[in-house]
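Source: prediction; values computed, not measured. First listed ligand is number 1; within each ligand, the first listed atom is number 1.
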Amino acid sequence: MIIAANLKTNLTRKQTEIYVNELEDYVSKHTISQEVLVFPAASSLNPHAGKVIIGAQNAYATHNGAFTGEIGLDHLEEFSIKTILIGHSERRHVLGETQEALVKKFNFYKDLGFKIVYCVGEPLEMREAGKETMMEYISSQYEGIDTSYENLIIAYEPVWAIGTGLIPTLENIEEIHTDLKEKSIAPLLYGGSVKVTNAKEVLALRNVDGILVGSAALYSEHFCSMIQYAEDLN
Ligand code: PGA
């Protein structure tokens, strides 16, 4: 399974280093065979050797250039980063990234062979509009994306469940994951208010290949417990 931590705009470089080392210690001490990914803030990236894979939360589709506020491939290569998160709801809905911009980014990093965690998920009004409308909306987030890309991981994250403590029912997660698996056989993670208290049940669902965790992952002990749940289930 794939257990991923999105640290968002949290943890300084020093804090991230301590955090990643704690995870690394846990993973080696408990001979964890799950894939553990961590996405620190851009300014907290560091070279890292070990089992924990460090990825970027975002990068522009460029090697370098005049794109104020962005980082490019050169910056990722400095830290040997080969994994990137694309399409997170905060990038889509708070920072206004369009599907077209995401596709450009996707193709650029795909051509470089990056492991891509690509996020999809509906806002509350789409869910409330009924299943058909909701699935159409989610389908539109697959447009232009090579769903058979070998290094693709998809994360289903309902926007209304991110950082809110709200989560779909287990039956509902399983149903949507089963539908989404028809679009791509890529590993499919669930994300949105996954906590140490519900991670075990979510991980046990059919067609859930892992989790993408935000706030609850900020505590390394909690995140390590979730890694352990995945290991025990496997
Ligand atoms: P959350 O965030 O776990 O805090 O809900 C998940 C995410 O944004 O990936």
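Judged by distance alone, the side chains of Glu136 and Thr133 never bring a donor and an acceptor atom under 3.5 Å apart. Donor-acceptor pairing under 3.5 Å is lacking for the side chains of Ser140 and Gln99. Side-chain contact check for Lys183 and Ser139: at least one donor-acceptor pair (N or O, by modelled atom type) lies under 3.5 Å.
Interface of Ala161 with ligand 1, defined as ligand atoms under 4.0 Å from a residue heavy atom, comprises 5 (O). Within ligand 1, counting atoms from 1 as listed, the ones closer than 4.0 Å to a heavy atom of Leu212 are 9 (O).
Here Asn6 has side-chain heavy atoms under 4.0 Å from ligand 1, and that is the only part of it that gets that close.
Considering each of Gly165, Gly163, Gly214, Ala4, the one bringing a non-hydrogen atom nearest atom 5 (O) of ligand 1 is Gly163.
Panel note: side chain Gln141, backbone Cys119; no donor-acceptor pair is recorded below 3.5 Å.
Considering backbone and side-chain atoms together, Gly192 places no N or O closer than 3.5 Å to any N or O of ligand 1. Between Lys8 and ligand 1, an N or O atom pair is found at a separation short of 3.5 Å.
The pair Glu97-Lys105 meets the salt-bridge criterion, since a charged nitrogen lies less than 4.0 angstrom from a carboxylate oxygen.
Screening Thr83, Leu152, Leu76 for a side-chain contact (heavy atoms from CB on, under 4.5 Å) involving Phe114 leaves a single residue, Leu76.
Within the structure, the closest approach of His88 to ligand 1 falls below 4.0 Å when heavy atoms are considered.
For atom 9 (O) of ligand 1, the nearest non-hydrogen atom of the protein is Glu157 OE2, 2.6 Å.
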